[in-house]
Amino acid sequence: MNTDSEFRIRRRSFLLSAAGLALLSCAPGATTPGSTASAGASPKRGGVLRLRALSDPVSLDLYNIRGSSAIIYVGAILNNLITENPYKPGEILPELAEKWDISADGTVVTFSIRQGVQWHDGKPFTSADAAYNLNRAWKPPTPDISTNFNVFRNVAAIDASDPKTLKVTLKQASASFIPAVAQPTVGMYPSHITDMKVWSDKPIGTGPFVWKSYVRGQSIEYGRNPTYWKPGLPYLDGISQTFVADNAAAYGALKLGQIDLSSPMDTTALAPHLSNITQDIPGIASFAGTGARFDLYVNNRGPLADKRVRQAIHLGFDRKAFIDVGYSAGGGTFPVASLYPTDRGGLWGLSQSELSQMPGFREDKTQDLAQAKQLLKDAGVPAKTKLTYLVSSFQKDSAPAAADLLNKIGFDTQIVIVDGAAATDRARGGDYDINSGQYPGYYDDPASNVTSLVASDGAANFAKWNVPDIDQLLKDQDAALDPTKRKALLRQLQMRIIDEAYLITLFWTRNQMAWQSWVKNQPHWTTTLGPQWRFEQTWLDK
Amino acid sequence: MRQQVVSRLLLFVPTLIGVAVLIFLMLRVAPGDVALSILVGPNGQGQFDQVRYEELRHQLGLDKPILLDPANLGRGSQFVEWASGIARGDWGDSLETERPVLKEISERLPTTFEIAFIAVVLAMLIGIPLGLVMAVKQDSLTDHVLRIVSIAGLSMPSFWVATLILLALVLVFHWLPPLGYRQFAQDPGTNLLQVVWAALPLGYLLSAVIARMTRSSVLDVLRNDYIRTARAKGLRDAVVMSRHALRNAFLPVITLSGLQFAGLMGGTVVMETIWNLPGLGSRLVGAINYRDYPMVEGIVLVFTVIVLLTNVLIDLAYAWIDPRVRSAR
């Protein structure tokens with residue numbers, strides 16, 4: 001898909017930094033990443049892509065926690081030092097860094113900065129710009145809280161003394177580092193405009209499109225960057241991003257051809273009509289990527305401190321029934337373990353074909369329920385033992401289903417519904433037995449969506465679970481620069497998480513993108529905040 | 001009359017102070033805080049870190065005493081800082097978007113005002129004639145049919161009616177209002193095309209209330225002796241209705257419409273969402289979820305002023321319609 005032949009990757013760097021395409025087993029249909037069909041046709045130049053976004057951006061700063069969705073709005077105007085190939089998950093491509101080298105011990109990464117690249121205001125891109133951004137990811141000034149905190153806390157030093165190279169020293173070798181730098185959340189902002197309020201008034205980058213105008217509550221307009229450093233790109237003349245908050249209204253706009261491409265829509269909210277959008281609107285195609293992982297976090301108190309009781313919940317909880325009853329037709333990706341399954345486009349997760357045969361995950365619950373009850377009996381837990389099920393208000397609709405399924409195992413579940421921040425506050429204080437939660441996967445790596453929850457020093461490990469071999473596995477997999485070895489370690493890690501059963505994964509929610517038949521070569525991606533927002537190779541067949 | 005208006009306006013001050021204190025305290029007593037919302041996201045999906053949490057609380061001033069600092073009375077508390085800012089015209093920045101609260105309110109208020117205004121005008125245009133017909137044709141087939149129509153308006157949630165309208169426009173008429181909100185000043189035609197669909201379901205809902213109020217009010221008036229006298233003098237029904245009945249029957253209808261307008265200022269949230277209109281209602285809900293204290297407090301203050309002003313306008317309308325009210329004052 002890449003037109004620029006210079007985007008070849010150094011084999012060693014590739015092996016060190018990514019899972020590799022070989023790890024992917026792509027299932028047919030729109031369940032794995034890819035792109036909107038272009039069937040070998042020559043790209044056409046011109047046209048304005050009409051894009052639907054949900055609402056105004058809260059922040060345009062990717063390094064500010066408020067801007068965790070900012071990539072949807074700034075992805076088209078920025079570049080990264082290195083980037084994940086939007087058409088091939090796991091493949092890392094050079095971008096503003098022409099190449100990168102990793103020292104033999106894996107602790108020093110040297111990026112060679114591409115020369116001749118200019119910001120949209122004409123100033124040159126240098127290693128100082130790269131250092132400025134990596135420093136923001138490493139030591140974000142509060143409240144600019146890095147979304148990559150878990151990975152960048154491993155950084156020991158950043159050196160940009162040579163304008164053509166950027167040297168990053170790590171405290172220890174980390175397989176998560178290069179994939180993290182390649183994430184859209186580590187986009188390159190100009191170091192000559194450090195006041196983000198000033199930058200946000202007239203955003204500039206080095207990307208394929210320039211920011212033309214923004215009318216709050218209405219739309220953002222982008223134009224082609226005439227001096228884009230990638231020859232011949234982008235194909236589009238511009239992008240018009242209109243805010244349409246309501247999914248039914250977006251459905252109508254798609255049906256009437258008022259928009260070309262709709263940003264991810266929560267299919268749980270779209271049910272029933274939009275779940276069949278491809279049947280309902282001729283020419284429309286869609287792709288269901290991941291939204292967030294829905295988990296049960298079990299507290300380390302009372303009978304739940306006994307592993308057998310937690311395993312009983314893992315075994316007896318009917319995940320399929322929970323999705324069907326609690327989440328209706330929008331559904332979710334199931335069965336899944338803590339990492340996204342490889343047969344759905346994930347890099348590291350246990351496959352669905354394997355999980356579907358495993359106790360706890362399999363659809364037939366007869367044996368699992370019997371075993372769960374036996375485990376409770378062995379642990380001396382009397383019938384109808386009271387459990388507090390803590391749930392954020394935005395998940396309240398699914399709470400009765402969860403409580404009912406817990407009761408079927410043998411508990412008497414009391415639902416406590418509080419709003420999101422208050423739920424976190426309560427969880428932090430340990431005032432719950434089971435805490436339901438959705439955890440967003442910014443990118444497909446344990447550093448993004450597992451470490452915080454299961455590591456003994458994890459920021460979101462509110463129950464203070466401390467399982468030494470899980471900590472060790474987390475360290476070992478991060479230090480494993482060989483993808484095959486890392487995958488094996490991550491398999492062990494996932495099995496241990498399943499066995500300990502304090503993080504019980506139920507399913508991944510789905511976010512659905514939809515686009516008109518004339519939108520060509522637009523990548524669709526497993527995660528909402530992936531590299532699909534650059535639009536540099538997207539074209540319109542009109 | 002002027003004295004009445006002035007005294008009502010002077011009452012604004014203690015009312016506003018009371019509302020300000022109340023909303024300030026209620027927000028802070030409610031569980032959860034904005035530092036957590038920023039840190040972990042409004043849905044609690046982000047990552048928590050104690051050190052960053054404490055830093056953020058300090059930066060947002062949330063570590064200061066809420067109402068009064070016992071060690072330093074009158075200075076340094078969250079309330080004193082906020083109230084003195086309001087008095088100076090500095091309403092602070094949104095904790096969510098980091099934009100000035102007054103700027104955000106001034107951008108969004110016209111949209112909500114427009115929806116509410118059109119909805120109430122539609123409600124009056126539909127509700128008053130319906131109520132009149134129902135009263136004049138009391139207990140006839142027409143009355144029964146119109147009562148069913150008005151009860152349907154009361155029974156059907158406006159968000160459902162709005163969704164039906166939207167689907168009908170798409171599936172039957174293959175048309176939708178243009179995407180991308182245009183302000184009235186920018187493009188009046190497009191603006192009305194976009195706003196009227198949000199006002200329509202609300203107008204229908206409110207028209208049902210107005211129709212029923214008009215019906216019962218007119219029926220009450222028609223039973224009075226002066227109506228009988230007017231008829232006995234040989235006046236035509238139309239004259240009796242327009243000159244004697246309607247003016248008296250309108251007083252409760254006007255009160256109701258005014259209150260409906262004030263209520264709609266904060267009640268257009270769902271319509272704003274469905275029809276993609278950047279109004280104040282949806283901003284308020286978002287701000288409450290986020291615990292965006294300055295934004296919630298600012299919007300509630302604006303709503304309070306609107307409710308107070310509406311009440312004054314209702315009083316003025318009373319005096320204009322009913323000479324007895326003027327002479328009594």
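A note on names: the letters A, B, ... follow the listed sequences, proteins ahead of strands, and every chain is numbered from 1.
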**Student:** Between B:Val269, B:Val270, B:Leu164, which is the residue that forms a side chain to side chain contact (heavy atoms under 4.5 Å, CB included) with B:Phe159?
**Tutor:**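 Output: one option passes, namely B:Val270.
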**Student:** Side chain, backbone, both or neither: which part of B:Leu179 has a heavy atom under 4.5 Å from chain A?
**Tutor:**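 For B:Leu179, the contact with chain A is made by backbone and side chain together.
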**Student:** Roughly how far apart are B:Leu169 CG and B:Leu176 CG, rounded to 0.5 Å?
**Tutor:**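 Here the interatomic distance stands at 6.0 Å.
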**Student:** Does the pair A:Arg426/A:Asp431 count as a salt bridge with the N-to-O cut at 4.0 Å?
**Tutor:**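 The answer is yes: the pair qualifies as a salt bridge.
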**Student:** Please classify the contact of B:Gln194 with chain A as side chain, backbone, both or neither, using a heavy-atom distance under 4.5 Å.
**Tutor:**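 For B:Gln194, neither part sits under 4.5 Å from chain A.
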**Student:** Within a 6.0 Å radius of atom CZ on B:Phe79, are there more than 12 heavy atoms belonging to other residues, nucleotides or ligands?
**Tutor:**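 Yes, because the 6.0 Å sphere around CZ of B:Phe79 holds more than 12 heavy atoms from other groups.
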**Student:** Less than 4.5 Å to any heavy atom of chain A: does that hold for the side chain of B:Leu95, its backbone, both, or neither?
**Tutor:**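 It is the backbone, since no side chain atom gets that close.
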**Student:** Please classify the contact of B:Arg99 with chain A as side chain, backbone, both or neither, using a heavy-atom distance under 4.5 Å.
**Tutor:**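 The side chain, not the backbone.
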**Student:** When heavy-atom pairs shorter than 4.5 Å are enumerated against chain B, which of A:Val244, A:Thr242, A:Ile259 gives the highest number?
**Tutor:**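 Counting heavy-atom pairs under 4.5 Å, the top option is A:Val244.
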**Student:** For the residue pair A:Phe243 and A:Tyr214, does the interplanar ring angle fall in the parallel (under 30°), tilted (30 to 60°) or perpendicular (over 60°) class?
**Tutor:**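 Plane angle over 60°, so perpendicular.
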**Student:** At a heavy-atom separation under 4.5 Å, does A:Ser59 approach chain B through its side chain, its backbone, both, or neither?
**Tutor:**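 For A:Ser59, neither part sits under 4.5 Å from chain B.
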**Student:** Which bit of B:Glu107 comes within less than 4.5 Å of chain A, counting heavy atoms only: side chain, backbone, both or neither?
**Tutor:**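 For B:Glu107, the contact with chain A is made by the side chain alone.
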**Student:** Hey, does B:Trp91 have a side-chain heavy atom less than 4.5 Å from the side chain of B:Val302?
**Tutor:**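 Answer yes - side chains close enough.
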**Student:** Taking B:Asp93 first and then A:Lys197, would you say they form a salt bridge - that is, a charged N and a carboxylate O separated by under 4.0 Å?
**Tutor:**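 Answer for the salt bridge query: yes.
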**Student:** So which residues of residues 271-283 of chain B are in contact with chain A at a heavy-atom cut-off of under 4.5 Å?
**Tutor:**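 Heavy-atom contacts from residues 271-283 of chain B to chain A are B:Thr273, B:Ile274, B:Asn276, B:Pro278.
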**Student:** Any sub-3.5 Å donor-acceptor pair from A:Gln241's side-chain atoms to A:Tyr73's backbone N or O?
**Tutor:**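 No, because the side chain of A:Gln241 does not come within donor-acceptor range (under 3.5 Å) of the backbone of A:Tyr73.
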**Student:** Say you draw a straight line from CD1 of A:Ile434 to CG of A:Leu296; how long is it, rounded to the nearest 0.5 Å?
**Tutor:**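 One finds 6.0 Å between CD1 of A:Ile434 and CG of A:Leu296.
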